[in-house]
Amino acid sequence: MWYALGVITELIAGYIWPGQPTYNASFKMFGYITMKQSLMLTKDQKLGRYMRIPPRHLFICQVLGTIIAVFVQLGTSFWLMNSVDNICTDDGFPFTCRQGRLFYSTMVIWGVIGPQRQFGGKYGVMYWMFLVGVFLPLPFWLLRRRYPRSIWRHVNIPVALTYIGYMPNAPTHDFVMFTLFCFVFNYVLMKYKSAWWQKYNFTLTAALDSGLAVSGIIGYFALQHVHVSWWGTKNHCPLSKQPFTAIVST
């Protein structure tokens, strides 16, 4: 849903303001980012309800966290841009700004070039993909209705397409970890340790998110003046910075 609305807002803005990438980005921010942040706040409320946290207290913490995050993120961004050499380039690895470069690419495609020129010629067939996306889940839904205990009940086309949508701006190793964790916690543990999964799965999700943030902060400040060179700090995969470089070059 996130990616679908993002493309739709870019498409609409591209037709309304052709050749205006700033207008396109602003329209996307109000149309897509607002919905995304609302869904994330709703997800936190759902997690808080599972953890028996009063909704009003959780909402106050969400508002305060949002206000603090605005200044912290802007301050951190300006600090990184002035302190990291070659930031947002391949030479600045790992600060290659994958999300920022993806956002810039969408501004060029939908704002500068525009959907009229991008899909007006031989690429016009791409518009049919919107219709394909609407009807693609239908046969799998019919199979699940016809064979309710078969493997088709586990097939979710919207989730699969959303997963594919992460590929253009994600390094290759991310999908290995995604798949591994999803298989262990949402299949193995849910099937063989159902009681544990029902009691601790959502708590574990919050713990992993919090642990990643805290360890990242501690690791950065503890090691920013320590230069460690070993196998784990070197980039061994040429596709880790740009996953499709080899494919595009061939």
Side-chain angles (χ1 to χ4, degrees), residues 1-15 28 31-53 55 58 99 102 106 109-110 115 118-119 122-209 243-244 247:
M1 182 177 179
W2 294 0
Y3 280 90
L5 189 58
V7 174
I8 291 175
T9 54
E10 293 164 349
L11 179 67
I12 295 175
Y15 276 111
K28 177 180 178 179
Y32 161 67
I33 302 298
T34 303
M35 179 215 60
K36 178 180 178 181
Q37 295 296 332
S38 300
L39 289 176
M40 294 178 67
L41 290 175
T42 305
K43 183 183 71 173
D44 291 341
Q45 283 284 345
K46 180 180 179 181
L47 180 62
R49 181 169 291 275
Y50 278 108
M51 299 178 66
R52 301 184 182 278
I53 300 176
L58 181 59
Q99 290 286 352
L102 176 65
T106 58
I109 294 174
W110 299 102
Q118 182 75 13
F119 302 108
K122 62 181 180 180
Y123 296 107
V125 69
M126 296 298 294
Y127 282 125
W128 289 101
M129 294 298 104
F130 287 103
L131 193 61
V132 171
V134 171
F135 291 101
L136 186 59
L138 182 59
F140 297 94
W141 178 76
L142 293 175
L143 287 172
R144 185 174 61 180
R145 290 288 301 271
R146 180 65 178 83
Y147 307 102
R149 302 301 300 174
S150 66
I151 194 175
W152 299 113
R153 73 182 190 275
H154 301 298
V155 178
N156 191 308
I157 296 300
V159 172
L161 295 180
T162 302
Y163 192 74
I164 295 174
Y166 284 103
M167 286 185 176
N169 66 309
T172 53
H173 62 270
D174 281 5
F175 290 91
V176 177
M177 299 306 299
F178 289 163
T179 305
L180 178 62
F181 270 79
C182 287
F183 177 76
V184 172
F185 290 99
N186 290 327
Y187 178 76
V188 177
L189 291 179
M190 185 176 66
K191 183 176 181 179
Y192 298 102
K193 297 291 183 179
S194 179
W196 185 97
W197 186 88
Q198 294 179 13
K199 186 175 182 180
Y200 295 110
N201 191 58
F202 284 100
T203 306
L204 179 64
T205 301
L208 291 175
D209 289 341
F244 300 102
I247 300 176

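Residue numbers start at 1 and run along the sequence shown.
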Practice problem: Just jot down the side-chain contact (heavy atoms from CB on, under 4.5 Å) partners of Ile109, sequence neighbours excluded, or say none. | Solution: Gln118

Quiz item: How close do Pro115 and Leu11 get, heavy atom to heavy atom, and via which atoms?
Solution: CB-CD1, 3.7 Å

Show me the donor-acceptor pairs within less than 3.5 Å that the side chains of residues 181-191 make with the rest of the protein, sequence neighbours left out.
unit_1 : atom_1 : unit_2 : atom_2 : d
Tyr187 : OH     : Lys191 : NZ     : 3.4

Quiz prompt | Counterpart residues, side chain to side chain donor-acceptor pair (under 3.5 Å), relative to Gln198 (two or more places apart) | solution = Ser194

Quiz item: Measuring from Arg146:CZ to Trp152:CH2, what's the distance to the nearest 0.5 Å?
Solution: 14.0 Å

Quiz item: Who pairs with Tyr147 by side chain to side chain donor-acceptor pair (under 3.5 Å), at least two apart in sequence or on another chain?
Solution: none

Self-check item: OG1-CD distance between Thr42 and Gln37, expressed to the nearest 0.5 angstrom
Solution: 11.0 Å

Quiz item: What's the shortest heavy-atom distance between Leu58 and Asp44, and which atoms?
Solution: CD2-O, 3.3 Å

Practice problem: Quick one: list whatever passes side-chain contact (heavy atoms from CB on, under 4.5 Å) with Trp141, sequence neighbours left out. | Solution: Leu138, Arg144, Arg145

Self-check item: Rounded distance (nearest 0.5 Å) linking atom OG1 of Thr9 with atom CE of Met35
Solution: 8.5 Å

Quiz item: Mind checking what makes side-chain contact (heavy atoms from CB on, under 4.5 Å) contact with Pro55, not counting sequence neighbours?
Solution: Gln45, Arg49

Practice problem: Enter the distance from Ile151:CD1 to Leu143:CG here, rounded to the nearest 0.5 Å. | Solution: 11.5 Å

Show which side-chain atoms of residues 199-208 pair as donor or acceptor with protein atoms under 3.5 Å away, not counting sequence neighbours.
unit_1 : atom_1 : unit_2 : atom_2 : d
Asn201 : OD1    : Trp197 : NE1    : 3.4
Thr205 : OG1    : Asn201 : O      : 3.0

